[in-house]
Structure formats: structure tokens, C-alpha cells
Amino acid sequence: MAGVAAGVVLVGGGFVAANAATTTGAAKKAGVHYPVDKKADGVAAVVSAANAFLNTLDSAQQAETVLDFSQANATAWSNLPCGSTCRPGIQFSSLSDEQLAAAENVLKVALGSGKDTGYEHVLETLKADDVLASAQSTSSDSAAPTDGASSAPSADPSATPTDVPTDVPTGAPPSGGGGGGGLGGYGSGVYFLAFLGTPSADGTWQLHFGGHHLAVNVTYKDGKVAGASPFFTGVEPTSWTDDDGTTHAPMAKFRDGLLKLTGSLNTAQLAEAKLSESFGDVLLGPGEDGQFPATKEGIKAGSLSAKQKKLVLEAIHPWVADVDDATAKQLMKTYAKELDQTYVAYSGGTGLDTQGDYVRIDGPSVWVEFVCQNGVVYRDQIHYHTVYRDHTRDYGSEFSFS
């Protein structure tokens, strides 16, 4: 798989205009010039990287990228493989190599560039989406189901996976290609980056990035990260091997932590953790903001052994680690303090290898879901949907959901 701009592969290239937006201030045709401080650190470094990216854009592109930090914009993310109708911001396939490299640097600075960091996970997820786009475009059996799948979760584990496009004419195969924004909508080109609010080291704004199988929402307030959720991530295929022999499994660490946790439960504990409901998708996906169940279900972590409690925290960590180290450390401290009041639950099986296998961790603050669905393109396999939320910190607590 050939690399483009720090390893991201763009398949296809047609541009789909992003949602209409206006930027603060009068933008000239050449674009507003934003200050850059290469010596900055912390949130100031994220702001500097964001400004450096904005300086590569013309005024129209800046207007697509810098949007109001409103509830409507913040919540406009989706697990669907769609084009500009699903999410705001500027589309990756519309960027030049220079602009794409600058955009990726924003993610690198904000999410960390080392092993097992958010930036690495972003790259691996985009690669998976390119593999999916390529497989879809070359498949002789790629006609999409037309039975009205939507982004809403289903309680039926046999239901059609919810990331199937709904705008495919009867009998027509969905289009492939990463950047086309066509009926298929898969690929790294159909990812969007937006700054909700003007990037600032002392104001309130959000880094909003996503596409199919990824939604990154990091909210900054007064020079600190006020929220690193909601964070949605999934993958299809769950693993693959490149021509050079490199094997990729972007969500192995997410899955394996949960397998160790559920695998540590004895028969009585498994019975207590078992949910009566069945799940075809995560409950708190797109459009389900604030819809946490009123009653916590499963087995209380306070009743587990010290070793099992440690496994609960280790299972949570991969989702939290997809933001900068300082923020992840602080969040994990909070979740550790609340551990005894946190619940572990599952539905289906605990192998995380069959349609409807589902695991949930629900605490006073933390919420993690992991569900297995049948493949959409790789129909003989399963694929994963997961979401990480925080009861009190989603979108930096800037919005009230009732």
C-alpha cells in the first residue's frame, strides 16, 4: 500500500463540498493569516499547528474549516460512509499535498505521534477505510442492501449493520473510491477536519475530525482539554496484511483489553454481568447524545477482585489514550476514583467474534461500548463499532442534553 503525506493513502479524489460555513472576520481571497509559534507546547502547540494549517488555505477553504462552536455543528458526526451531508469541515480529498500534511500535523500534535497514540490510530483507521474502499470497488458482489439502514442503534443482533449507505438505487452497486463522496463514501479522502470556534490558547473551541468509522471530538477551554469525547471508532476489515507483509489490526488493543476483562469473570460473575437485551449497534452512537440509561446494569466493579479492577481500568485505557497523554492521565485518575461505582456488562457472547457480541463499561463518568456486526463489504467477517463517552464531559460540557 503506497503512502501519501505521512502514510495516509487517498483512493479516488473527487471533491464533495462541505457544509456551508462562515469564518470569523473578513477573509481575503488569499485567506486570513494566523499566528504560528513553533516553540509553543501544550494546547498552545495545538493552536499553532491549527493556525499553520489554516495558513495553507485560501479564504473559501478557511470558511469551510472554521465554524461556529454550536451544538448543531458539534453533534454533526456519523458512523455512515457518507459525503458532506454527514459531517462539517473541509474534505481531505480536496487538499493539496502541502495542505494534507499540515492537516495531519494538527492531529499529530493534538493526539500524540508515538506508538499506541491517537494519531497512530487515526492513520490505521484511514488505511482500513482505504482497504475497504478498494475491496468494495473491485468486488463482483458489492450491491448494497436497500432495506433502509440508518445511524440509529438496533436492539436486534441480526439487523443490517448501520453503516450501509441508504442512498443506493435498487440493484446498483455502491461506488468505491476514497475521495469521491459517491454512494459508497468509503476511503481516507472522505474525512473532514473542522475547528468549531477559532483555535485559541485561552478560548473555547473544538477539534472536530472524522469520517466513516471515526469521530474525534476534542474540546479546549481556557488552555486545557475540557473533553475528549464523544469518540467513535470502528473498523472493517478488522485486520489485513499489506503486500510487504505488514499486518494491521487497528482495534486489537481495544478488543483485547475487553477480552481479558470478561475472561477473568467466573461463572457467577458472568451471570451477574449478562444483559437481557440484544444489541445490533452501540446505544450511544451519533444522534444519541445524553441518552445514557437511567439504571446501570451488569456487575459492579466494586465487587471484583483487585486484579479484576485493574483489568477494568486497562480495558478503558485504549479509548482514553486516543487523546494527548496529559489529558488521558487525568481522565484515568478520575475513572480510577470512580471504579467501585462502575459497572461491567455484556450481551451475546464474550468472544467478540460473532454478530451481536457486546460489552459495556458504565461508570459515574466513563461510558464505553463495543459491539460486533456482520461485515458490509467483507460479508464473511464481522466488524467492530465502539464509542467512548463521558457522562459529564462530552463536548467539554458545553451543551445540555435532556
Side-chain angles (χ1 to χ4, degrees), residues 4-8 18 21-69 73-74 88-92 94-114 117-123 126 191-210 214 216-228 231 321-331 395-396 398:
V4 177
V8 173
T22 57
T23 188
T24 304
K28 299 179 181 179
K29 184 176 181 180
V32 172
H33 181 78
Y34 292 85
V36 174
D37 180 2
K38 295 183 179 180
K39 295 182 180 180
D41 58 12
V43 173
V46 180
V47 173
S48 184
N51 287 348
F53 169 60
L54 290 171
N55 288 341
T56 70
L57 307 180
D58 63 28
S59 59
Q61 290 175 313
Q62 288 180 351
E64 288 183 273
T65 306
V66 184
L67 314 177
D68 292 336
F69 187 21
N73 283 333
I90 193 163
Q91 188 171 343
F92 263 26
S94 74
L95 301 177
S96 67
D97 288 347
E98 175 193 9
Q99 293 168 334
L100 186 60
E104 290 167 4
N105 189 56
V106 176
L107 299 172
K108 183 183 294 186
V109 174
L111 306 179
S113 58
T117 60
Y119 178 66
E120 180 187 59
H121 180 69
V122 165
L123 291 184
L126 267 63
Y191 276 72
F192 293 77
L193 175 63
F195 305 131
L196 307 186
T198 302
S200 166
D202 56 9
T204 301
W205 62 286
Q206 185 189 94
L207 171 62
H208 187 95
F209 174 74
L214 187 66
V216 175
N217 298 280
V218 183
T219 305
Y220 300 90
K221 186 174 184 178
D222 299 329
K224 297 180 180 179
V225 175
F231 170 61
D322 268 38
V323 72
D324 68 277
D325 290 346
T327 299
K329 185 176 181 180
Q330 186 58 48
L331 286 169
Y395 308 105
E398 287 299 306

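Taking every heavy atom of both residues into account, Asn73 and Pro88 meet most closely at O-CG, 3.8 Å. Among all heavy-atom pairs drawn from Ala103 and Leu193, the shortest one is CB-CD2, 4.0 Å. Residues Thr56 and Gln61 share a closest heavy-atom pair of O-OE1, 4.4 Å. Closest heavy-atom contact between Gly89 and Ala194: CA-CB, 3.6 Å. The two atoms that bring Gly112 and Thr117 nearest to each other are O-OG1, 2.9 Å, heavy atoms only. The two atoms that bring Ala328 and Ala321 nearest to each other are CB-CA, 4.2 Å, heavy atoms only.
The closest side-chain heavy-atom distance from Phe195 to Leu54 is below 4.5 Å. Inter-residue side-chain proximity for Val216 and Phe231 is flagged as met; some heavy-atom pair is nearer than 4.5 Å. Taking the side chain as every heavy atom from C-beta outward, Phe209 and Val218 never approach each other to under 4.5 Å.
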Working for side-chain contact (heavy atoms from CB on, under 4.5 Å), residues Tyr34 and Val47: CA-CA 10 Å; Tyr34 292 85; Val47 173; over 6 Å; no

Stepwise side-chain contact (heavy atoms from CB on, under 4.5 Å) test for Thr198 and Trp205: CA-CA 6 Å; Thr198 302; Trp205 62 286; over 6 Å; no

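Remark: Glu398 pairs with Lys221 by the salt bridge (charged side-chain N to carboxylate O under 4.0 Å, His left out) rule, at least two apart or across chains. Among residues two or more places apart in sequence or in another chain, the side chain to side chain donor-acceptor pair (under 3.5 Å) test is passed with Asn217 by His208.
For the atom pair OG1 of Thr327 and OH of Tyr220, the computed distance is 7.5 Å after rounding to the nearest 0.5 Å.
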Please tabulate, for the side chains in residues 35-45, all donor-acceptor contacts under 3.5 angstrom to protein atoms that are two or more places apart in sequence or on a different chain.
| residue | atom | partner | partner atom | Å |
| --- | --- | --- | --- | --- |
| Asp37 | OD1 | Lys39 | N | 3.0 |

